[in-house]
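Reminder, nothing fancy here: chain letters follow the sequence lines and each chain counts from 1.
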Amino acid sequence: MQAGGLARTDSPLVSERITFGMSRFDEVDDQYDPDALEQRVFDYWDDVDAYERTVEHRSDGENFFFVDGPPYTSGSAHMGTTWNKSLKDVYLRFLRMQGYDVTDRPGYDMHGLPIETRVEERLGFENKKDIEAFGEENFIQECKDYANEQLEGLQSDFQDFGVWMDWDDPYRTVTPEYMEAAWWGFAKAADRDLVEKGHRSISQCPRCETAIANNEVEYEDVEDPSIYVKFDLEDREGSIVVWTTTPWTIPANTFTAVDEDGDYVGVRAEKDGDEELLYLAEAKHEEVLKEGRYDDYEVVEELTGEDLLGWAYEHPLAEAVPDHVDAAGTHEVYAADYVDTHGDGTGLVHSAPGHGEEDFERGQELGFPIFCPVGSDGTYTDEAGKYEGQFVKEADDEIIADLEGNGALLASGTVQHSYGHCWRCDRGIIQIVTDQWFITITDVKDELLDNIEDSEWHPDWARDNRFRDFVEDAPDWNVSRQRYWGIPLPVWTPENRDDDEDTIVVSTREELAERVDQEIDPEAVDLHKDTVDDFTITEDGTTYTRVPDVFDVWLDSSVATWGTLNYPEDDSQFDELWPADLILEAHDQTRGWFWSQLGMGTAALGESPYEQVLMHGHALMPDGRAMSKSKDILVDPHEAIDRHGRDVMRLFLLSNNPQGDDMRFSWDGMQTMENHLRTLWNVFRFPLPYMRLDDFDPQKTGLADVDEDLELVDEWILARLQTTKAEMTEHLKDFRQDKAVDALLEFVVEDVSRFYVQAVRERMWEEDDSASKLAAYATIYHVLEQSVVLLAPYAPFVSEEIYGTLTGDAGHPTVHMADWPAVEEYWADDQLETDVAVLRAIEEAGANARQQAGRKLRWPVPRVVVAADDQRVVDAVARHTPLLEDRLNAREIELVAPEDRWGELNYSAEADMSELGPAFGDRAGQVMNALNEARIDDPSLEALEAAVSDVLEDGEEITESMVSFVTQTPDDIAGTAFGLDGDDRGVTYVDASLTDDIESEGYAREVIRRVQEMRKDLELDVEERIALELSIDDDRVASLVDERLELVREEVRADDLRDVEDAHRKEWDVEGVTIEIALEALAAAEASD
RNA sequence: GGGCCGAUAGCUCAAUUAGGUUGAGCGCCACUCUGAUAAGGUGGAGGCUCUCGGUUCAAAUCCGAGUCGGCCCA
């Protein structure tokens, strides 16, 4: 299959390449210059509408519904975002090349508290009162402006990274149609009876004066009070001891909890002559009494938690807080499963259902009133008695003092512990009980767990371990926030009530226009709070007003799968596309977007809204630390681009495993990728001058036309190309773009650059037209063209320029329109790949052996002996003897067949542990060492057994399967084993002995190489003729060189051999002999005559 | 405090599915090549495979307990 649409030359679209300077085989930069190249390609894309045309090109293809996880619009793109978008880009491009019509609408998450707090900072606001004074409408407008500003920064970053998405039409969570998508989803959940208003213990940010979700709470180490408080028992002697780090919750104390099965003690303790009876956990009593600095103590009672149940005590702040809870059964000891007699504290837990979540639940079970004397801003209400009006944290000291005054304080200190903070403004959160709106996803927990099964995750453990655990433990979703910049809850309640009975949930703008008392245009209405707060609904004589809350911002993005399609406003695509085929985000989204979408999809539609999830990791610093913008620990993608370019950065990012593992950024890794691209660039530009000179036309001379003339190495590189395509396709389908690009780069660097190009250079230098040259042209053209098509999703810029230069006006306007190259079975040839791999292994071993023998490649060696282990190696060598002679610079190649032995060798054995282990048990290691050390003349088992007889016990023998024989070479000769995939296939021996003839050629080559270097110093053209002067300070060497003088003259294009004046002159040391060389260019000399 | 993931050469990672003498690329050092040349080739140094136990003839690999890092949860 042709990758390029070669028949499209008549299209008016494709000829535009010429206009923009990409005609075939144009001159290209000598050096790979990413910055200049990428700017050129940006301009080119712009000029030919490359993106739009690529999208159009696939518009008839099968649908693929990708949904972009919307980045939050604060700050600019960091390395993590960059990795994420690069991953999306590579898969979207790959899918397009495979023919899919891909949905690629990017999204931005633009509501929520983070933006509100930024705007508040900007305006110098401290709390909600400032906002109210400024005006809701004004504040919402400021937030809108700020979010749009931030969006522009992200948009331009992503485009600058070369990401191709529909940048002209991103979905934005602040538009009426998107907000409507959220209303619709919420209304569907309400239809299923999954929406309720509830009195719950929630995390409250006292500065932002709103509830925040548990997953918005960030934990940091802080120093807090640590106090032990005695509750005096009623009806019996003594006190129970509790511990808390939040003295401000003591006023709301309602009961005390114990572990029914825990062990407790009564302790008679003495301090300053006074004696007290204290009850607390057995495991903690020593520690606690030490804290209380008691002089002495004695355990007088041993009890279980059960014994303590029902004990009544006095509220220690009863006088200061006259309104404290005083219902029947309060201020007694109860069992609760959140008590641990071996954890922090005393084994008795002060419980205030008006604050703590667990306390709240247990308090409800016990039927107690919920007493919470704290307002939404964290100050005590009048119910808190003498503490009224104080901010709770600031009241700690006074409360501690009051406890002490009452004699209730056993000990007071501080403790370092992690405490929850608001994710945006960093204020310490407080737990209070308020009214909130919930989506009761716990009612559909089984459905959620079922729906998890409908999505396929990469890696799969992320779904089956991490995500399932999270979903199993997930509580009801508190979706209401007492803020401004968000999607308003579409809930209207009867004017005189504030519960969740008889509510109206509005689903769409159209419904809104129909039902509200005011006259509105559904097309034009904005849905933000400042607008909809004014709307009332009157039905059946009852007037309904809107609940003033806005949604948790996580609800916004949870509807992205239909929000992307503008559904329900636009229902043209939903049925066909939904649910999403793929979403792709980092692992922190398990608790975020992966979860919120599953929750909303299930609550609203009973289904998972996505089918496949690719979960990648985070970008870490080179030393493994997490990146952090606020701490200025980061690598800025813009710096990476400045230093190495976009293609290099993308290649680096995309060469990392995307399946769950974090990625460490590495400047070395970036440099390596740049080196690889430079290699590609050099390979690409190497044949261009020759093709240009010969007017090579790939349309007229394709592979089919030169099939008869292809040489083995051509067929080999074509076979390798097929394997590379197959591997890449398999890896990409497996979401392992890192392995795919590794395969491609290895092909380009190892096979094309280091082997194929080396092997075909001389064919390209031939001046006359030859079938062999054309075959090489057609081959390298095909290989390069397919390689850049394969590289295009990763490095779209350099691929574009190379593709354009190769195809000119015969290709697609952009490489990104090309089809993903399919394996061409005709060229596949596993046998040949193996053959050449054998030859390369022999060559490599030969080079190694040569170095051991101390003979430079420039000096010929009389013979190279290849001892083959199998017939395959014999065949390969026999067919390619001249190639091997040439590459190893050997006068002769000698082949030793597998059944023969080369007489000059000794042998030793290499042990196979998988055989020795079972046979010798714990002596296997000992036998292995003896075998490895043995030296024998004859590679037979008998000789070997004799050599290792010391370690063999009676009756034991060495069998053939246990060992393989290894040769030991004599002095003149160096040998190196070669193998394939870890299996030994034979040995290459280099005989490095010297003769006059060899020395003659060796010295001649030394001279040639130095003359060539001097030609280069003078920047002479390859064809330019010279006059040469040689003076060699050693008679023997001089006569040796004389023997090869013709060779020297020919190689260095020396027409004259004479003394030259005013020449480029240099003295060289060659193997200890001084040689003086001078030369001048003949044309120059003639001109000066 | 709990869950998940990771820890192998200076760096980035393979090898863990099925236990069998730990590998590659990059970097470093030395040598080498030179009609792709700010490239290419060869070699060398560099590892108690995080620690400690266990299973086994044999553990990077399986099991248990820790340590450190990342993410998530409390």
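Remark: R761(A) is not in phosphate contact with G35(B), judged by side-chain N or O atoms under 4.0 Å from OP1 or OP2.
H458(A) meets the ring pair (Phe, Tyr, Trp, His ring centres under 6.0 Å) test with F735(A); sequence neighbours excluded. Contacts of N675(A) classified as side chain to side chain contact (heavy atoms under 4.5 Å, CB included), with partners at least two apart in sequence or in another chain: Q671(A), R678(A).
No salt bridge links E727(A) with R736(A); every basic N to acidic carboxylate O contact stays at or beyond 4.0 Å. Salt bridge absent: E843(A) and R840(A) never bring a charged side-chain N and a carboxylate O closer than 4.0 Å. Between E472(A) and R468(A) there is no salt bridge, since no side-chain nitrogen of the basic residue lies less than 4.0 Å from a carboxylate oxygen of the acidic one. A salt bridge does not link R362(A) to E358(A): none of the charged side-chain nitrogens sits closer than 4.0 Å to a carboxylate oxygen. Salt-bridge annotation for K739(A) and D734(A): absent, with no side-chain N of the basic residue lying under 4.0 Å from a carboxylate O of the acidic one.
C26(B) sits 37 Å from G64(B) when the C1' atoms are compared, rounded to a whole Å. Going from the C1' atom of G23(B) to that of U16(B) covers 14 Å, rounded to whole Å.
Between F920(A) and M627(A), the residue whose closest nucleotide on RNA chain B is further toward the 5' end is F920(A). Where H676(A) and A626(A) meet RNA chain B, the nucleotide closest to each residue was compared, and H676(A) sits on the side nearer the 5' end.
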Practice problem: Using a 4.0 Å cut-off on protein heavy atoms (strictly under), produce a 5'-to-3' string for nucleotides 6-20 of chain B with B for base contact, S for backbone-only sugar-phosphate contact, and - for none. | Solution: ------S-------B

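The nearest whole Å value for the distance from the CD atom in Q758(A) to the P atom in A36(B) is 8 Å. In this entry the distance linking CD of E357(A) with P of A74(B) reads 8 Å, nearest Å.
With distances taken from any side-chain atom of R1053(A) to the nucleotides G35(B), G70(B), A39(B), the minimum falls on G35(B). For F686(A), the side-chain atoms get nearest to A36(B) when compared with the rest of C71(B), A36(B), C26(B). Listed nucleotides: C33(B), A36(B), C26(B). Nearest to the side chain of R1009(A): C33(B).
Under the 30°/60° scheme for interplanar angles, the aromatic rings of F652(A) and F665(A) are found to stand perpendicular. Between W859(A) and Y1003(A), the ring planes are perpendicular. Angles over 60° get that label, and only those under 30° would be called parallel.
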Give me the distances for all protein-to-nucleotides 1-3 of chain B N/O pairs that come in under 3.5 Å?
unit_1 : atom_1 : unit_2  : atom_2 : d
G3(B)  : O2'    : D469(A) : OD2    : 3.1

Each nucleotide N or O in nucleotides 41-44 of chain B that has a protein N or O under 3.5 Å away: list the pair and distance.
unit_1 : atom_1 : unit_2  : atom_2 : d
G41(B) : OP1    : R754(A) : NE     : 2.5
G41(B) : OP1    : R754(A) : NH1    : 2.9
U42(B) : O2'    : Q851(A) : OE1    : 3.2
U42(B) : O2     : Q851(A) : OE1    : 3.0
U42(B) : O2     : Q851(A) : NE2    : 2.9
G43(B) : OP1    : N848(A) : ND2    : 2.8

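The shortest distance between side-chain heavy atoms of Y756(A) and V683(A) does not fall below 4.5 Å. Two residues are said to be in side-chain contact when any heavy atoms from C-beta on lie closer than 4.5 Å; T245(A) and Y419(A) fail this criterion.
Within a 6.0 Å sphere centred on CD of Q758(A), other residues, nucleotides and ligands contribute more than 12 heavy atoms. Residue E361(A) qualifies as enclosed at atom CD: its count of foreign heavy atoms under 6.0 Å is above 12.
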Quiz item: When Watson-Crick pairs (N1 to N3 and N6-O4 or O6-N4) and G-U wobble pairs (N1-O2 and O6-N3) count only below 3.5 Å on both distances, what is the dot-bracket string of RNA chain B, with | for other-strand pairs?
Solution: (((((((..((((......[..)))).(((((.......))))).....(((((..]....)))))))))))).

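Side-chain N/O atoms of T679(A) and base N/O atoms of A36(B) include no donor-acceptor pair closer than 3.5 Å.
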